[in-house]
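The structure appears right after this line, and notes come after that.
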2 protein chains.
Amino acid sequence: MGAIATNTVILGDCIESLKKLPSKSVDLVFADPPYNLQLGGDLLRPDNSKVDAVDDEWDRFDSFETYDRFTTEWMSECQRVLKDDGAMWVIGSYHNIFRVGAILQTLGFWILNDIVWRKSNPMPNFKGTRFTNAHETLIWAAKGRGSRRYTFNYDAMKMANDDLQMRSDWTFPLCTGEERLKDENGVKAHPTQKPEALLRRVILASTKPGDIILDPFFGTGTTGAAAKQLGRKYIGLEREEQYATLARERIAKVIPLTEADLETMGSKRQEPRIPFGQIVESGMLRPGDTLYCSKGERSARVRADGSLVIGDMAGSIHKVGAMIQSAPACNGWTYWHFKTDKGLAPIDVLRMKMRSSMAQLAA
Amino acid sequence: MGAIATNTVILGDCIESLKKLPSKSVDLVFADPPYNLQLGGDLLRPDNSKVDAVDDEWDRFDSFETYDRFTTEWMSECQRVLKDDGAMWVIGSYHNIFRVGAILQTLGFWILNDIVWRKSNPMPNFKGTRFTNAHETLIWAAKGRGSRRYTFNYDAMKMANDDLQMRSDWTFPLCTGEERLKDENGVKAHPTQKPEALLRRVILASTKPGDIILDPFFGTGTTGAAAKQLGRKYIGLEREEQYATLARERIAKVIPLTEADLETMGSKRQEPRIPFGQIVESGMLRPGDTLYCSKGERSARVRADGSLVIGDMAGSIHKVGAMIQSAPACNGWTYWHFKTDKGLAPIDVLRMKMRSSMAQLAA
DNA sequence: TTCTCACGTGAATCTGTAG
DNA sequence: ACTACAGATTCACGTGAGA
């Protein structure tokens, strides 16, 4: 086996390019394949502006069967190209991730974790028809069931998480602002650019310095940029010349980090927000229970969704508290009280209790 | 089709029992199928013979295939039993959720969301070989692609989340303590008992009071307990007699909420429609009155039939609102305002007044 | 200079009913 | 099947203009 060319972007069809790569030559694959979104018509926000949808030709497939065939092809080539101790990451959404995961298992990959990327700033569901789609899923899998020697930098991950084991749910913002590549008109250069922070965590967790990372859907080269920063090598495959060019220019500007830089990259944690509805869902309060103001003169009834009712007024603890006092605003957590053996206690006590039971959670 | 028996636990093989249920008879399916292929015993072939545990490399495929066949069978029966506007939830971990999701799509179910249950107190990864497996995944899917009338209580969910859209990541603790069912020796009665809070959110989000919820893997009856509490009906299928017995005892102790406590924030889409003409007919506004946009720069005149006029444009409050803004659509109720002592107020205020006076008439 | 506020936008399977 | 139209619907941030 000759030396493989690294730190390069290969222009061309991903499967064709994969076939030319030698077997057992890369340490990690990171793949961000088309999601096969199957969008309908236009989507308008409440302010009537249009959502810039992903309608690119590369994301359109005739059927699930076509998508599955495509997935099977690129993935089995990746499996061949991986070293025996290598591993693969694939990112996707509910549109494609289940097919991706099933195929990967069927091919013999051995799933190590599924990871949830919680977006701190997702796009809302404008029409109020579903839950806000606020996460994507990554699958981390070893080449085969027997591969016990995959790389996992346990201590680096623990360190990055304030000395707690890194969990399978990660919180990062979307790629926006400075980091988001723009064309000459200031329009986003690629519709699905991933945040570098996400890639850095993937790479720090599952590769060693000097490892070779293959990205078969390179796009604008986030994987390459993060790899270079962290002292790893990359091979990017990309079909669209404009993306490949952008990626090369982008990566050229990246300055590799020093050891010292890396140490300061720990993630910050913050107190999790507890909605009042969750207090009710948890059973700490029950629908039908009564809440009182501190003097006990005023009362309201709790409903199953966390709303309060007084007469024909209904709304959140804050809104109803404000209405009843004819005040512009009200902190419902301190205004409303519940009955205990020792008299009235503010519901904020319940929130603190809930917080402490969730103390382990990085927000 | 005769009335279906509800609030009952049916003992027996899940697929056999499903086949006896009438088509299009339930509103929601909640399924917590067996997760792990390797445990054996849990898995039955379609002919009810047991699958032997297999370690052999070459047998791996056979084992996935068996799981897939089992999944396809129970799931297509559920699809048949669901009403056309019904929906299904399935919960799983990375061991099985990808196969479950792919099969569900292939059967024609239409995924609405994938939901991440973040565990606030997961079991750590003791060996430090992977990320702490701190979540499970739920898939929420409509019966088919065309099913647009599935139930989603958007406003109740928004209320439960402090007036923000409910996201696709939910945080709940594991089922522990009092809630966890124990046998006579104090040992947990079921290995995978789900928290009631999780089920309550599922039920509150996607059913109406009185709906029928089918759980084909009933276990110790968390679905039934939550359903009874929330004024929904349940049908539980369970193979193991000891679980079925435990479930019946558990559910018998549950005290349902009263109708008043079950009430949640209602959807605006379901409120009775008031034509604008009726506001004019009632005298709340008079023909010839002027309406303004919120800033007061634009104005239109009200005509006797409830149409608006600006210059030579005339039409409904919505159409004229859209035209004047050159927008594709407009909600006239919130766009147009009328003059009061205290300044401009949206005409939606008048609609709310009208609605409440109509409600009093009905009562 | 610093703060405030309006505006733009992100992998989105995004309405319901009457005729 | 289709059309027409009433009317319901958004969160977190980054940027840049203006105070």
Side-chain angles (χ1 to χ4, degrees), chain A residues 32-56 58-61 64 91-97 117 119-137 171-180 182 186-188 190-195 217 219 273, chain B residues 85 105 109-114 141-142 145-150 152 154-155 158 161-168 267-271 273-277 306 315-322 327-336 347-348 351:
Chain A
D32 182 8
Y35 287 9
N36 188 21
L37 285 187
Q38 304 182 252
L39 301 180
D42 285 348
L43 176 62
L44 297 181
R45 303 167 201 264
D47 65 3
N48 282 320
S49 66
K50 210 175 107 183
V51 172
D52 184 16
V54 178
D55 51 5
D56 305 69
W58 50 255
D59 197 47
R60 285 196 286 267
F61 294 82
F64 282 134
I91 183 167
S93 66
Y94 68 83
H95 310 85
N96 71 324
I97 198 65
W117 167 30
K119 302 177 184 183
S120 53
N121 52 348
M123 187 161 15
N125 180 289
F126 294 115
K127 302 299 186 187
T129 56
R130 303 179 179 189
F131 298 97
T132 307
N133 191 5
H135 74 276
E136 295 187 22
T137 303
T171 307
F172 291 109
L174 296 169
C175 180
T176 59
E178 278 293 289
E179 190 185 320
R180 188 87 194 212
K182 309 280 191 343
V187 178
K188 62 183 175 189
H190 192 284
T192 71
Q193 187 181 339
K194 297 292 178 291
F217 306 96
R273 189 176 59 85
Chain B
D85 296 339
Q105 287 181 307
F109 282 98
W110 192 244
I111 299 182
L112 299 169
N113 278 113
D114 60 335
R145 178 165 189 171
S147 321
R148 301 180 95 165
R149 297 173 47 101
Y150 59 88
F152 179 51
Y154 175 76
D155 297 279
K158 189 170 176 177
N161 193 37
D162 278 359
D163 268 337
L164 293 175
Q165 289 191 340
M166 186 70 81
R167 301 168 36 118
S168 57
S267 160
K268 286 192 183 156
R269 289 191 171 99
Q270 285 168 11
E271 286 184 84
R273 273 176 49 173
I274 310 277
F276 180 68
S316 70
I317 52 172
H318 313 293
K319 224 177 193 173
V320 173
C330 168
N331 183 343
W333 291 106
T334 52
Y335 181 74
W336 293 110
I347 58 175
D348 206 21
R351 182 169 62 162

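Per chain, numbering begins at 1; letters A, B, ... match sequence-line order.
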Dump the pairs, protein N or O against N or O of nucleotides 8-11 of chain C, anything under 3.5 Å, distances to one decimal.
from, atom 1, to, atom 2, distance (Å)
C:dG10, OP2, A:Lys188, NZ, 2.8
C:dG10, O5', A:Lys188, NZ, 3.3
C:dG10, N7, A:Arg45, NH1, 3.2
C:dG10, N7, A:Arg45, NH2, 3.1
C:dG10, O6, A:Arg45, NH1, 2.4
C:dG10, N2, A:Asn121, O, 3.2
C:dG10, N2, A:Pro122, O, 3.1
C:dA11, OP2, A:Arg180, NH1, 2.7
C:dA11, OP2, A:Arg180, NH2, 3.2
C:dA11, OP2, A:Pro191, O, 3.2
C:dA11, N7, A:Lys194, NZ, 3.2
C:dA11, N6, A:Pro33, O, 3.0
C:dA11, N1, A:Tyr35, N, 3.0

For atom [atom1] of [X] and atom [atom2] of [N], their distance in whole Å:
X: B:Tyr154; N: D:dA8; atom1: OH; atom2: P; value: 13 Å
X: B:Ile111; N: C:dA12; atom1: CD1; atom2: P; value: 16 Å
X: B:Leu112; N: C:dT15; atom1: CG; atom2: P; value: 12 Å
X: A:Asn133; N: D:dA12; atom1: CG; atom2: P; value: 16 Å

With a 4.0 Å limit, can you tell me whether [X] has a side-chain N or O closer than that to the phosphate oxygens OP1/OP2 of [N]?
X: B:Asn331; N: D:dT9; result: no
X: B:Arg351; N: D:dA8; result: yes
X: B:His318; N: D:dC5; result: no
X: B:Lys319; N: D:dC5; result: yes

For [X], side-chain hydrogen bond (donor to acceptor under 3.5 Å, both in side chains) partners two or more places apart:
X: B:Lys319; answer: none
X: B:Tyr154; answer: B:Gln165
X: B:Asp114; answer: A:His135
X: A:Ser49; answer: A:Arg45, A:Asp47

Name the stems that DNA chain D belongs to, where each is three or more consecutive Watson-Crick or G-U pairs with both distances under 3.5 Å?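 Stem list for DNA chain D: C:2-10 with D:11-19, C:15-19 with D:2-6.
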Output all residues satisfying salt bridge (charged side-chain N to carboxylate O under 4.0 Å, His left out) with [X], sequence neighbours left out; order by chain, then residue number.
X: B:Lys158; value: none
X: A:Asp55; value: none
X: A:Lys119; value: A:Glu136

Residue B:Lys268 excluded, over 12 heavy atoms near NZ under 6.0 Å: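 No, the 6.0 Å shell around NZ holds no more than 12 heavy atoms from other groups.
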Rounded to the nearest 0.5 Å, what's the gap from CG on A:Asn36 to CD on B:Gln105? Could you check?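 The CD atom of B:Gln105 is 8.5 Å from CG of A:Asn36, to the nearest 0.5 Å.
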Identify the pairs formed between an N or O of the protein and an N or O of nucleotides 16-19 of chain C at a distance under 3.5 Å, and give each distance.
from, atom 1, to, atom 2, distance (Å)
C:dT17, OP2, B:Arg149, NH1, 2.8

Which label fits C:dT15, syn or anti, where anti is any glycosidic angle not within 90° of 0?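 Judged by the O4'-C1' to base torsion, C:dT15 sits in anti, the angle falling more than 90° away from 0.
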Among all residues two or more places apart in sequence or in another chain, which pass the side-chain contact (heavy atoms from CB on, under 4.5 Å) test with B:Cys330?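 Applying side-chain contact (heavy atoms from CB on, under 4.5 Å) to B:Cys330 gives B:Ala322, B:Gln325, B:Tyr335.
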Quick one: on DNA chain D, does B:Ser316 or A:Leu44 contact a more 5' nucleotide (nearest heavy atom)?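 It is B:Ser316 whose nearest nucleotide is closer to the 5' end.
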Could I get the full list of ring-ring contact (aromatic ring centres under 6.0 Å, His included) partners for B:Tyr150, not counting sequence neighbours?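 Checked B:Tyr150 against ring-ring contact (aromatic ring centres under 6.0 Å, His included); matches are B:Trp140.
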